Amino acid sequence: MTEATPASRRRPLAFLGRFALIGVWAVMIAGFSLAMPHVFLSWANFTAMFGSSAPAAVLAIALIIPITAGDFDLSVGANLTLSACIIGVLNAQHGVPIGLAIVVAITAGALVGMLNAVFIVGFAIPSLVVTLGTSSLLMGIVQWLTNSATISGISAGLVDAVVGLRVLGVPLAFFDVIVLAVLGFYVFEFTPLGRRLLFVGLGREVARLNGVDVGRVRGGALVMAGLISAVAGVIYAGVLGSSDPSSGQNLLLPAFAAAYLGATTIFPGRFNPIGSVAAVYFLATGITGLTMLGVPLWATDVFNGAALILAVLISQVARGRSVADLV
Amino acid sequence: MAAGPEPLLAIRNLSKTFGGVRALDGVDLTVAPGQIHGLLGTNGSGKSTLIKVLAGVHAPDPGACLTLKGRDVELPLHAGAFRKLGLSFVHQNLGLIPSLSVLENLRMSSILGGAILGLDWRMERRAAAETIARFDLGLDLEGLVADLSPVDRALLAIARAFEDLKHGDGRGVLLLDEPTPFLPAAGVRKLFGLMRSIAAGGSSAIFISHDVDEILEITDQVTVLRDGRVAGSRATPGSSRDDIVQLILGRRVEIAAPAQATKPSAQAFRLSLKEVSGGALRGVDLQVAPGEIVGLTGLIGSGYADLAEFVFGARRAQAGRMDFDGVQDLDLSMQTPRGSIARGIAFVPADRPRAGGAGRLSVADNMMLPSLDQFFQGGVLRRRRLLERARDLGARFDVRPNRPQLNFDALSGGNAQKVVLARWLSRSPRLLLLEEPTQGVDVGTRQQIFAALREEAAKGMSVIVASTDYEQLAAICDRVLIFRRGRVQESLTAPGLTKDAIATACYAETAGADQGTT
């Protein structure tokens, strides 16, 4: 019994799975391109996608931080909406300078994260329940702030900074996503904090007995999730040029799907920012292609939902587990 | 068939072999109606294998016979078949669901086993109220089990197990697997009262306990297992404490075994504990010198297992003061693992899969977790240096295979334990606390672990080992403290420090039997 399990016993599927998403993505692009060579296969189409999916990508990055630490955050979508609407109300309706509006929006996001942390960590309430509650609470506040109406007229400065300015036709927002993903990659993989985050998620008692302040790590992860989803909200406001009090919630499911899909690729079995961003664009490619083919709008929901369930299934099969243990 | 009533349960020639090792070897056991039958034996004597055969978990070797209520039963039993045959179990964890009510717990098998629709609450309530009244339990049917005292929970579990026997003629055999070790003395009395009233109705109980005094008080007959065989079976009335302990340990107990309290010179203790209480402990003092290896042991529930966790802060003590390494008068109820690590205290928990290491993270990460900051230089976690360091330590502690990038759960139990030891010993702690350090560890690895501990102790590290492996304690400890009823009752040192002496001391009678309230 002294011999350990040889590495060869680890499933070959895991290695294959590492690049499976990229492969499927390539096949999908090829398929849509063949079907619609002029409409789909154009640089303009791709650059538009890079910009419009940026908020979902940032949201996915926000989400994987608490998930890695073992807590769900269902309030990131509502938090994004709140942030976008704070910008609309302050900047477009009250003439507050856009810089200050952004600072307020991001601070609000961090405060929401803190509120989540107080209940989840402080009072030991399951994260699913707490964030489901804050999510509804935030959406209510958003309706109240905006009178349930879209606010247009957000500073052109923000719109320019997000989608107006382009490098090789690619909107700046996409580069924001890349910067955030790389930053996230660095924290997850190249700092002691990243390791501690993993231990808190995958072995909470082990972490505690090895001197990790589990409460602070979990709380910090939730605050960061709030803060980054507010950043996603700022980008969302810039992409739309207005503050939409309802559609932000629709980004929650794609973000979840991307987080779990991302966990099947690059570093299989781990939530990772680069995989998540790749997954967001994978999903966006599918939806854009399907829409162009004339598939009705409801197909989007079906596609995202199926992707989420499939992603979890794949990661489980790849590790040969019968019990869901990704969180 | 011999004279007397037909036995409710009779086992003949029961053997069980695990990979060439005989865990049970031709065991006979006869339980008469209305009898409370004590089953005793040290760890590894075969008690739990016997229970698992009856529960249908293990299939016995061919050749065994089992008779229940006069009928021959085919072996092996199907898992779960015992209930229909008139057997019912109460395990140490009691099997209650704390968040459900007394009523729901008491009637669980009826509620779960009944029709899918149309649950007759009035009938269930009436039946439950009858049970509560018959055994005079005085429990509120609607109260949550979580709010019950430990004694009431045990009573509820036993009453329920008895009610579950109520098929056929209503008689059966109740197996009580150490339900008492965490109960205060007054609670044990109530439990015995319940057992007697069950036996009075013609059912029988098999009562498993380490506590010889309890066995003497409640049982009519005792059977003692030793090394998988029946060492003896005798009527309890007329048996003395020494008779039974002798059967358990297999030799005459030397009462003369002196309580050698030769304390090390008082000047230089590294660790000094005063009045530690919490868990099963009731005011324990302890001193450990630099370089000393101290063993803590006792029967289950005696408190030996609590102390190390309190010192590290893995669990909070109720009260206690600690002097450690020149720092005076620390409050033991305020210890945290984080603070303890900073002070140079290390802890190797018994629950290795849950608390020792994270299975899905790498061996290197698991080994270096408390030391990660050393590898964070120039704003980057130096992962290659971390891996190299883990590989060096792996070589030093002979981790096989020495591939630190593997997941922790790819290692065998012994190698996983080496990784946990390497984690802490590489930090040169001032005090190392270990719980059952060689449980599930093969013999070769065991020697390596002992050697590593001795080497570090020789350099001045203090060690506390909490374990029930007497042989291991005798092999590595300078001093072994015997816990009984929440206190240190004896201290064994060098010439008198043998496996047998430790075992004898664990089963010894506690002077004055001071059973305070808890």
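These numbers come from the heavy atoms of this one structure, side chains and all, not from hydrogens, waters or symmetry mates. Chain letters run A, B, ... following the sequence lines, proteins first, then strands; residues in each count from 1. In this text, all values refer to a predicted model and were calculated from it rather than measured experimentally.
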Is it the case that more than 12 heavy atoms not belonging to B:E471 sit under 6.0 Å from its CD atom?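 12 or below, so no.
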Should the heavy atoms of other residues, nucleotides or ligands under 6.0 Å from CZ of A:F123 be counted, would the total exceed 12?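 No - once you tally the heavy atoms of other residues, nucleotides and ligands closer than 6.0 Å, there are 12 at most.
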By side chain to side chain donor-acceptor pair (under 3.5 Å), which residues pair with B:D398, not counting sequence neighbours? B:R400, B:Q448
[X] versus chain A, the contacting section by heavy-atom distance below 4.5 Å:
X      : value
B:R354 : both
B:F312 : side chain
B:R382 : neither

With a strict 4.5 Å heavy-atom criterion, list every residue of residues 363-372 of chain B that contacts chain A, or say none.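 The list, in residue order, reads B:D365, B:N366, B:L369, B:P370, B:L372.
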Please list, in residue-number order, every residue in residues 211-226 of chain A that has a heavy atom less than 4.5 Å from any heavy atom of chain B; write 'none' if there are none.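 A:G211, A:V212, A:D213, listed by number.
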Write out, in numerical order, the residues from residues 186-199 of chain A with a heavy atom short of 4.5 Å from a heavy atom in chain B. A:Y186, A:E189, A:F190, A:T191, A:P192, A:R195, A:R196, A:L198, A:F199
Most contacts with chain A, counted as non-hydrogen pairs under 4.5 angstrom, among B:T336, B:V399, B:L361: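 The residue among B:T336, B:V399, B:L361 with the greatest pair count is B:L361.
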Pick from B:L386, B:D373, B:V380: which one has the most heavy-atom pairs with chain A under 4.5 Å?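 That would be B:D373.
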A side-chain contact here means heavy atoms from C-beta on lying under 4.5 Å apart; do A:L209 and B:E309 qualify? no
Is there a side-chain contact between A:E205 and B:D351, using heavy atoms and a 4.5 Å cut-off? no
Just how far is it from atom CH2 of B:W424 to atom CG of A:N210, taken to the nearest 0.5 Å?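 Answer rounded to 0.5 Å: 4.5 Å.
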